Number of protein chains: 2
Amino acid sequence: MEQAYIPHLSVDCVLFGFDEKQLKVLVVERDRLQEEDAKYHSGLLKIPGRLLFEEEYLEDAASSIIEELIGNESIPLQQFQVFGNPNRIKSPNDLLWLESQTKLPIKRVVTICFYALIKITDALTSTLNSHRAKWIPINEARGLAFDHDEIVREAYQHLKKELTASPLEFNLLPTYFTLNNLQALYEVILDQQFDNRNFRKKILKLPYLIETNKMETNVNHRPAKLYCFNEELYQKNKREMSLFFL
Amino acid sequence: MEQAYIPHLSVDCVLFGFDEKQLKVLVVERDRLQEEDAKYHSGLLKIPGRLLFEEEYLEDAASSIIEELIGNESIPLQQFQVFGNPNRIKSPNDLLWLESQTKLPIKRVVTICFYALIKITDALTSTLNSHRAKWIPINEARGLAFDHDEIVREAYQHLKKELTASPLEFNLLPTYFTLNNLQALYEVILDQQFDNRNFRKKILKLPYLIETNKMETNVNHRPAKLYCFNEELYQKNKREMSLFFL
DNA sequence: CCAAAAGTGTTTAGGGTACACCCATGC
DNA sequence: GCATGGGTGTACCCTAAACACTTTTGG
């Protein structure tokens, strides 16, 4: 049941990924067209997105865009901002590419943007190549096509604000993790350092953070205690846990 | 330079107004059409909005929608959410009305919503009647057309969140005002009571709140000191003044 | 003198921040 | 035994919150 596109409306997704060391963004390569004019340098990397179908829910569009790239995991994407300047698509090459993709005469596209943050896993990454998609570090996300630099920048601002206002989803770490893993996660995503002792004091108050009797292994230093995360308690308590960090 | 509408995209505005006692929302009456089917009760009040023109900036559309109703004051409207369910326009009467307005076959409209908060003045209100627009108290904004109940509800949530995260624009009060005026303003908008002494302590720390030597007059109780607001200091300090209230 | 709202200080408890050293393991 | 990161406690300050009475005006 393929539907017609709405030629003026697109959905774009900024998917952030954490690989236990860095914060990355998912981008896809767009084809370079023969007709392109070399003097217009327009990025060949873009964030995933496409025009909206006529009878499609916005959230469904966002999900399908991401699922096509990383498989069928359902990821809750959050709408954060619309980019709709009439001239947001400046480069002639970008326009050429859009028309070649959609077979529609494109004048102007208003794009509704979503974002999410997930854990980067090997399984996930293996499916990317076939779609010419890849993870790039957040601070290397420059020179993307269209106005995607700006979109990524804004999405990152939203992510940071959201993360300081409410606790993050814990599925960004392995099932068992150390408190220092958790601190590193916050530090990378918020781009901010925390005092180790104070961080532990705060984070241990979270009722859904469970201490296990497992230990790190195969490290050449004192092994750390492993913690895990109680989904049920998390769902129950996350509402009140806002404004946790400043 | 009239342009063509984009049939799938609209901009709607939730304009909140404070009249020194209540928080209100601006709504407009829509015509009842002869063809309407009485059995579908669809609201005859809606928030201001219209389809987007083909080459129009989103912000310009939002401004022009509001300026048409209340005159040429420039009000900074803030984009807050997109409502785009394919079936968000449920009532046949609403659809009829849309098509009669736009002369376009409307299937589905994705609407980008903006909001702002202003002071309700007499001058402002006098121009409303000719556009069949009016202010209604926020808690009476029920049974509006389309999904506008939901839009108003979400806008109000955003307003409250925004107001607790950063100081409000002071142009919601007369030039000279009492601290109790200010407290009443916060209490009405946030729908929350504050301790008078603690409120004063906090608010007096704001560097851009200036004590004058003027006094209230014509009140049959002890007259209050009047304060005013230093625009320049406000612009300079508002960034750091976040998270002021909880 | 009465009504009505303005204005004012103190105490307490909890949280944030800053800060330096010992511990357990692998090699 | 040494290198590496893991793990711990205290003191200070500041802020939030709770709380009740006196003051000044108009009528």
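None of these values were measured; they are calculated from a predicted model. Numbers restart at 1 for each chain; the letters A, B, ... are given by sequence-line order, proteins then strands.
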Please tell me which of the listed nucleotides, C:dA6, C:dT25, C:dT8, lies nearest to the side chain of A:Pro223?
C:dT25
B:Arg200 has a side chain; which of D:dG5, C:dA18, C:dT8 sits nearest to it?
C:dT8
Looking at the base of D:dT8, is there any donor atom on it, or on the side chain of A:Lys225, that sits under 3.5 Å from an acceptor on the other one?
no
Any base atoms under 4.0 Å from B:Asn180, or only sugar-phosphate, or nothing? Heavy atoms, all strands.
sugar-phosphate
Kindly state whether the ring of A:Tyr208 and the ring of A:Phe229 have centres lying under 6.0 angstrom apart.
yes
Per B:Arg197 side chain, nearest of listed nucleotides D:dA20, C:dC19, C:dA6
D:dA20
Please report the C-alpha distance between B:Ile120 and B:Trp135 in whole Å, then the side-chain angles of each, then the deciding distance to 0.1 Å, and finally whether the side-chain contact (heavy atoms from CB on, under 4.5 Å) criterion is met.
CA-CA 9 Å; B:Ile120 299 180; B:Trp135 295 104; 3.6 Å; yes
It should be established whether B:Asn220 places a side-chain nitrogen or oxygen under 4.0 Å from OP1 or OP2 of nucleotide D:dT25.
no
Side chain of B:Lys202 only, heavy atoms from C-beta on: which candidate in D:dA18, C:dC23, D:dA16 is closest?
D:dA16
Between C:dC23, C:dC19, D:dC19, which nucleotide gets closest to the side-chain atoms of A:Arg222?
C:dC23
Against the side chain of B:Lys201, the closest entry in C:dT10, D:dG5, C:dA5 is C:dT10
Residue from B:Ile203, B:Leu204, B:Asn181 passing side chain to side chain contact (heavy atoms under 4.5 Å, CB included) with B:Tyr227
B:Leu204
